[in-house]
Engineer: 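Got a structure here, written out as structure tokens. Questions coming.
The figures that follow rest on heavy atoms only: side chains count, while hydrogens, waters and symmetry mates do not.
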Amino acid sequence: MSDDLDAALRRADPDRWLSSRFISDASKRADVIAIYAFNQELARTVVGAREPMVAEIRLTWWREGLDELLAGKPPRGDPVMQALAQAIQRNNLAAAPLEALAESSFDDLDTEPFADDMALVRYLDASSGAILALACAITAGVDAGPLRPAAHAWGLVGLVRRRAAGVDRFPSSWSPDEAAARARQALAATRAPISALPVEAFPAVAHLTLVAGYLSGREPSELEKRARVTGAVLRGRV
């Protein structure tokens with residue numbers, strides 16, 4: 001992994017980047033960064049394109065590049081693709097969460113509310129759920145199934161922040177405060193499984209300690225984030 005890739009992720013996704021600092025194994029840290037960077041490239045494609053059709057074409061490029069990697073072909077000449085290829089090969093990563101993550105980015109082109117709770121849950125599983133599953137597999141080879149609600153909590157936080165920016169994807173049946181309440185409940189439901197994680201896997205979830213701050217409607221300072229994430233790692237709980 002190049003320093004440029006690490007620096008780019010630090011700017012684009014500082015919370016996950018901060019958690020990744022606590023992965024002691026350098027190669028595993030690089031592979032987790034590759035997953036996060038792939039996710040950020042997908043997100044940047046959605047946000048950066050002026051026309052949905054242009055974004056769809058670019059997302060298809062990333063999706064086809066992923067398909068090539070999963071088929072054992074050499075990576076395309078992009079640093080994220082090259083880092084992702086290494087992560088897949090070194091960790092024998094399952095195709096399903098990678099494919100789900102790539103497909104979920106197409107859902108991000110839609111600005112309309114999810115049709116119902118099940119549609120939202122499918123999106124959360126495919127996006128934040130897939131990322132957490134991959135990070136847990138890389139750091140410690142553990143199944144992230146028991147952490148599914150925690151991944152939902154982080155995904156809901158992202159949608160709450162997106163709503164504040166003017167795009168409300170929550171089902172129309174939800175009350176204004178329902179997303180925050182559900183995120184808190186989801187995180188509370190997985191505190192025990194999180195505490196039971198191997199030490200090596202904890203950096204995959206350490207940033208979840210920031211959920212409460214985001215749900216309160218404020219942006220924690222960089223110093224506060226560092227203190228909270230470091231404290232979570234030392235305690236082994238969020």
Side-chain angles (χ1 to χ4, degrees), residues 1-109 123-139 141 144 151 154-155 158 161-162 201 203-207:
M1 180 192 67
S2 71
D3 291 341
D4 288 346
L5 193 63
D6 192 76
L9 183 71
R10 184 178 186 178
R11 292 189 298 270
D13 191 351
D15 299 339
R16 286 193 176 103
W17 177 88
L18 180 57
S19 289
S20 74
R21 300 305 90 185
F22 295 93
I23 302 174
S24 59
D25 184 290
S27 63
K28 291 183 181 297
R29 183 168 63 251
D31 292 343
V32 169
I33 290 293
I35 299 299
Y36 294 164
F38 178 58
N39 175 60
Q40 279 306 309
E41 286 297 331
L42 298 174
R44 189 165 68 93
T45 297
V46 172
V47 173
R50 295 181 179 180
E51 298 293 335
M53 183 63 70
V54 174
E56 189 168 346
I57 291 170
R58 292 176 179 171
L59 289 175
T60 300
W61 186 90
W62 286 103
R63 182 66 171 90
E64 291 175 347
L66 173 64
D67 288 342
E68 291 167 4
L69 296 183
L70 295 174
K73 296 180 180 179
R76 297 182 176 190
D78 178 275
V80 172
M81 278 294 185
Q82 292 165 355
L84 185 61
Q86 279 195 330
I88 292 171
Q89 293 167 1
R90 282 198 291 226
N91 302 278
N92 193 26
L93 294 178
L98 288 163
E99 292 170 338
L101 178 58
E103 286 300 316
S104 73
S105 64
F106 289 91
D107 285 335
D108 286 326
L109 295 174
Y123 169 78
L124 295 173
D125 283 336
S127 53
S128 54
I131 295 170
L132 181 55
L134 291 162
C136 284
I138 292 169
T139 54
W154 191 252
R161 298 174 76 186
R162 194 176 180 193
V205 299
H207 51 280

Engineer: With the side chain counted from C-beta on, respond yes when E64 and T60 share a heavy-atom pair under 4.5 Å apart, and no when they do not.
Structural biologist: yes

Engineer: Does atom CZ (R76) have a neighbourhood of more than 12 heavy atoms from anything else shown, all under 6.0 Å?
Structural biologist: yes

Engineer: Do the side chain of S20 and the main chain of R29 share a donor and acceptor less than 3.5 angstrom apart?
Structural biologist: no

Engineer: Could you tell me whether a side-chain N or O of N91 sits under 3.5 Å from a main-chain N or O of L93, the two making a donor and an acceptor?
Structural biologist: no

Engineer: In the structure I gave you, are the side-chain heavy atoms of W62 and L66 within less than 4.5 Å of one another anywhere?
Structural biologist: no

Engineer: Do R16 and W154 come close enough that some side-chain heavy atom pair is under 4.5 Å?
Structural biologist: yes

Engineer: Is the shortest heavy-atom distance from the side chain of S19 to the side chain of D15 under 4.5 Å?
Structural biologist: no

Engineer: For D108 versus V46, what's the shortest heavy-atom pair and its separation?
Structural biologist: O-CG1, 3.5 Å

Engineer: Which heavy atom in H207 sits nearest to a heavy atom in A204, and how many Å separate them?
Structural biologist: CE1-O, 3.1 Å

Engineer: What heavy-atom pair brings L59 and L42 nearest, and what distance separates the two atoms?
Structural biologist: CD2-O, 3.7 Å

Engineer: Looking at OG1 of T45 and CD of E56, how far apart are the two atoms once the value is rounded to the nearest 0.5 Å?
Structural biologist: 12.0 Å

Engineer: Distance from L101 atom CG to S128 atom OG, nearest 0.5 Å?
Structural biologist: 9.5 Å

Engineer: Measure across L84 and A34 and return the closest heavy-atom pair with its distance rounded to 0.1 Å.
Structural biologist: N-CB, 3.9 Å

Engineer: If the threshold is 4.0 Å, N to carboxylate O, is there a salt bridge linking D6 and R21?
Structural biologist: yes

Engineer: Less than 4.5 Å apart, any side-chain heavy atom of T139 and any of D25?
Structural biologist: no

Engineer: Atom CG of N39 and atom CG of L134: how far apart are they, to the nearest 0.5 Å?
Structural biologist: 10.0 Å

Engineer: For A102 and F38, work out which heavy atoms get closest and say how close.
Structural biologist: CB-CZ, 4.3 Å

Engineer: Between A30 and R90, which heavy-atom pair has the shortest distance, and what is it?
Structural biologist: CB-NH2, 4.2 Å

Engineer: Are any of the side-chain heavy atoms of L69 and L98 separated by less than 4.5 Å?
Structural biologist: no

